[in-house]
Amino acid sequence: MTTIFHNPRCSKSRQAVQLLEDRAIEFDVVKYLDDPPSERELSKIVKMLGIRPSQLVRKGEQSYKDLGLSDKELTDKQWIEILVANPKLIERPIVVHDGKAAIGRPIENIEEILKD
């Protein structure tokens, strides 16, 4: 099964959807701004990505600055909680495919996990 965590307003996210469609891969779309992943689900995705939760944060977002996150030392659990509560901070798009995950920046990251 393939899932894309998608923001339709993001050009990279739209490119990722197009890539999946071009490859004729059936996929589910999760509009994560409307339907954020749970803490458990996001923790699983972070593990599949092989990164720390803090590496999934969009540090250029205004809400990152408003929350004063650049000045805080946070645990992985705290980052997950913040991302679930503020899904706009989650890097996008994320594609999960056959037990692997990739952030579509650059889009080649997604192509890599689609290889057999």
Side-chain angles (χ1 to χ4, degrees):
M1 190 49 158
T2 302
T3 302
I4 181 169
F5 291 83
H6 177 57
N7 177 351
R9 296 184 65 191
C10 170
S11 64
K12 292 289 185 193
S13 199
R14 291 191 306 271
Q15 285 177 3
V17 167
Q18 189 64 53
L19 173 67
L20 295 171
E21 289 173 347
D22 290 348
R23 299 258 180 118
I25 295 171
E26 290 186 31
F27 60 96
D28 290 329
V29 174
V30 176
K31 293 183 180 175
Y32 70 94
L33 294 177
D34 299 328
D35 185 19
S38 67
E39 288 180 24
R40 183 174 178 213
E41 187 176 21
L42 192 57
S43 294
K44 185 177 176 183
I45 291 167
V46 166
K47 187 174 183 179
M48 281 189 277
L49 288 167
I51 63 173
R52 305 288 301 268
S54 59
Q55 294 173 279
L56 194 57
V57 178
R58 294 177 53 86
K59 294 176 175 74
E61 289 292 329
Q62 186 60 47
S63 54
Y64 179 82
K65 296 172 184 95
D66 292 346
L67 293 168
L69 296 174
S70 62
D71 302 330
K72 296 184 180 176
E73 291 286 328
L74 300 170
T75 66
D76 287 352
K77 182 176 179 356
Q78 289 171 317
W79 276 117
I80 293 289
E81 291 168 355
I82 287 168
L83 289 169
V84 168
N86 301 276
K88 195 171 188 178
L89 291 175
I90 299 172
E91 188 60 77
R92 62 181 183 258
I94 299 171
V95 173
V96 177
H97 177 76
D98 288 341
K100 298 178 270 184
I103 299 170
R105 291 177 182 271
I107 199 79
E108 289 80 12
N109 291 344
I110 296 170
E111 291 173 345
E112 199 59 37
I113 68 166
L114 298 177
K115 293 178 181 177
D116 292 328

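In this chain, numbering begins with 1 at the start of the sequence shown.
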Inset, instruction - Report yes or no: do L114 and V29 belong to one cluster of Ile/Leu/Val/Met/Phe/Trp/Tyr joined by side chain heavy-atom distances under 4.5 Å? - result: yes

Sequence neighbours excluded, the answer for side-chain hydrogen bond (donor to acceptor under 3.5 Å, both in side chains) partners of E108 is none

CG (L56) and CG (D76) are apart, to the nearest 0.5 Å, by 11.5 Å

Sorted by chain and residue number, the side-chain hydrogen bond (donor to acceptor under 3.5 Å, both in side chains) partners of E81 (sequence neighbours excluded) come out as K77

- Are any of the side-chain heavy atoms of I82 and V57 separated by less than 4.5 Å? no

Derivation and outcome, side-chain contact (heavy atoms from CB on, under 4.5 Å), residues V46 and L83: CA-CA 11 Å; V46 166; L83 289 169; 5.7 Å; no

Residues pairing under side chain to side chain donor-acceptor pair (under 3.5 Å) where one sits in residues 21-38, two or more places apart or in two chains, turn out to be Q18-D22

Is the shortest heavy-atom distance from the side chain of L69 to the side chain of W79 under 4.5 Å? yes

CD1 (I80) and CG (L74) are apart, to the nearest 0.5 Å, by 11.5 Å

Contacts of Q62 meeting side-chain hydrogen bond (donor to acceptor under 3.5 Å, both in side chains) (sequence neighbours excluded), chain-then-number -> D66

Which side-chain N or O atoms in residues 7-17 pair as donor and acceptor under 3.5 Å with protein atoms at least two apart or in another chain?
| from | atom 1 | to | atom 2 | distance (Å) |
| --- | --- | --- | --- | --- |
| N7 | OD1 | R9 | N | 3.0 |
| S13 | OG | H6 | ND1 | 2.6 |
| S13 | OG | N7 | N | 3.0 |
| R14 | NH1 | P8 | O | 2.9 |
| R14 | NH1 | R9 | O | 3.3 |

Practice problem: Say whether L19 and I113 are linked into one hydrophobic cluster, either directly or through other cluster members, by side-chain heavy-atom distances under 4.5 angstrom. | Solution: yes

Pair up each side-chain donor or acceptor in residues 88-95 with any protein partner under 3.5 Å, not counting sequence neighbours, and list the distances.
| from | atom 1 | to | atom 2 | distance (Å) |
| --- | --- | --- | --- | --- |
| E91 | OE2 | R58 | NH1 | 3.2 |
| E91 | OE2 | R105 | NE | 2.9 |

